[in-house]
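Here the structure comes first, spelled out in structure tokens, and everything after it is commentary.
Hydrogens, waters and symmetry mates play no part in the numbers below; they use all other heavy atoms, side chains included. Every number for a ligand or one of its atoms is a count from 1 in the order of the listing. Index from 1, following the sequence.
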Amino acid sequence: MKWSFQIARIFGIPIRIHATFFLLLLFVAIVHANEGGPGIARGLVFILAIFFCVLLHEMSHSLVARRYGIKVRDITLLPIGGVASMERMPEEPRQEFLVSIVGIVVNLVIAGAIYLWLQWTGTVEPVRQLSVTQGSLLERIMVVNVFLAAFNLLPAFPMDGGRVLRSLLAQRMDYVRATQIAARIGQGMALLFGLVGLLGNPFLIFIALFVYIGAEQEAAMATMRSAFHHVTVREVMITSFRTLDVHDPVSRALEHLLEGYQQDFPVMDREELIGVLTRAELLEAISRGNERAPVGPIVRRDIGVLSPDDQVDAALERLRNENRTAMPVVQEGRLIGLITLENVGEMLMVYNARMRGKTH
Ligand SMILES: [Zn+2]
């Protein structure tokens with residue numbers, strides 16, 4: 001996240017703070033300014049304590065996710081709360097449920113512990129006497145934690161409750177459908193918030209917008225992930241394509257390229273695949289005046305190959321890692337297809353068009 005910098009590293013996870021967080025601290029200091037030094041200090045301690053709770057909340061998500069082998073890039077603390085950026089959410093519904101619910105549990109445990117302490121020390125104040133700036137510090141922290149737990153339990157993305165709901169639905173139906181239903185419930189709730197907000201609570205309108213957009217994004221992301229995830233290379237690979245012989249001149253590849261429907265050419269030595277000549281390599285050879293030279297010495301041979309049973313998202317990952325635009329698909333040593341960035345992109349467009357057809 002831009003405008004944020006690292007302040008610590010806990011269990012190997014970088015903890016970052018967004019620059020606007022300091023605006024919040026400044027704001028709190030100004031609000032308490034008329035109370036003098038001790039008042040300002042109390043206000044700041046309160047905010048820092050809340051952020052510590054938010055950090056524990058995000059930390060709990062991260063540590064449970066990591067148990068399931070998911071990488072956590074970092075945790076960023078923003079004035080509106082925290083974000084743990086994970087490389088992905090678990091696909092297994094039970095795991096997603098645990099990763100999501102643990103944050104809420106953390107807030108409830110904190111609130112419960114404070115409540116027991118207050119009871120034990122006999123210092124409970126009536127909640128009505130509390131406000132954001134007034135009342136016992138511990139008790140205010142307790143109330144905020146209850147509020148955080150309740151807020152996150154709302155069954156709407158991007159709150160934890162939205163994921164909890166999806167994971168429960170996903171145990172009975174497929175992931176994309178579960179996401180869409182969860183997103184629609186979330187959006188319905190956002191509309192309700194918005195309506196209530198119109199009756200005089202602008203803060204609710206803000207939350208409504210936040211929830212509505214979050215739900216939309218989550219649904220789109222799930223669609224995309226599933227478009228890539230549950231499809232094998234066999235289903236999207238190009239099966240009709242030209243190949244070059246290792247002795248063919250570069251000009252031959254150029255002819256095929258100009259014919260228009262192919263940019264990357266597998267190069268064969270009789271029945272054996274020895275590499276893929278990409279458009280970039282082809283153009284480079286031409287620029288060096290090698291048009292008549294055979295493609296054999298030009299083509300890169302140390303390339304990866306895909307299996308038809310590989311998943312498309314993994315295939316894309318490898319294309320990206322090896323910085324290729326195309327990769328051959330090989331089965332039992334025989335070339336049977338070709339995956340290119342272009343045809344994967346087209347597949348995604350088709351998939352999206354189909355999903356749009358289904359949802360409206
Ligand atoms: Zn959470």
Side-chain angles (χ1 to χ4, degrees), residues 1 4 8 10-11 13-18 20-21 24 47-114 141-170 178-179 182-183 185-187 189-190 193 203 206-219 221-222 225:
M1 204 164 290
S4 66
I10 304 176
F11 296 120
I13 299 169
I15 310 297
R16 306 177 66 84
I17 274 203
H18 197 263
T20 50
F21 178 69
L24 179 72
I47 288 296
L48 291 175
I50 297 305
F51 266 80
F52 184 66
C53 296
V54 170
L55 177 61
L56 288 180
H57 175 114
E58 298 303 332
M59 210 62 211
S60 71
H61 286 313
S62 305
L63 292 181
V64 175
R66 208 152 69 167
R67 263 191 53 134
Y68 297 127
I70 293 167
K71 269 198 209 112
V72 181
R73 279 185 221 102
D74 53 31
I75 291 175
T76 305
L77 298 177
L78 297 148
I80 50 162
V83 180
S85 73
M86 305 177 193
E87 63 175 354
R88 60 189 171 84
M89 278 307 272
E91 306 267 326
E92 171 73 38
R94 204 181 59 87
Q95 295 181 357
E96 182 178 37
F97 176 81
L98 290 175
V99 169
S100 308
I101 200 90
V102 69
I104 295 165
V105 172
V106 162
N107 289 122
L108 289 179
V109 166
I110 295 171
I114 294 176
I141 294 172
M142 176 185 83
V143 171
V144 170
N145 272 285
V146 171
F147 173 79
L148 283 175
F151 183 64
N152 274 301
L153 249 182
L154 293 175
F157 299 115
M159 265 80 79
D160 297 333
R163 295 178 201 288
V164 168
L165 175 63
R166 180 201 13 226
S167 67
L168 294 175
L169 289 170
T179 304
I185 290 174
Q187 289 184 326
M189 226 162 66
F193 279 178
F203 184 61
F206 174 72
I207 292 181
L209 258 168
F210 177 67
V211 169
Y212 197 89
I213 295 169
E216 192 83 35
Q217 280 176 349
E218 186 67 32
M221 281 256 293
R225 261 198 313 255

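Rounding to the nearest 0.5 Å gives a distance of 12.5 Å between CG of Leu77 and CD1 of Ile50.
Atom OD2 is the N/O/S atom of Asp160 found closest to the Zn ion (ligand 1).
Looking at Leu153 and Asp160, their side chains never come closer than 4.5 Å, going by heavy atoms from C-beta outward. Two residues are said to be in side-chain contact when any heavy atoms from C-beta on lie closer than 4.5 Å; His61 and His57 meet this criterion.
When rounded to 10 degrees, the angle formed at the Zn ion (ligand 1) by NE2 (His61) and NE2 (His57) equals 100°.
None of the N, O or S atoms belonging to Glu58 lies under 2.8 Å away from the Zn ion (ligand 1).
With respect to Ile104, the side chain to side chain contact (heavy atoms under 4.5 Å, CB included) criterion is satisfied by exactly one of Val102, Leu108, Asn107: Leu108.
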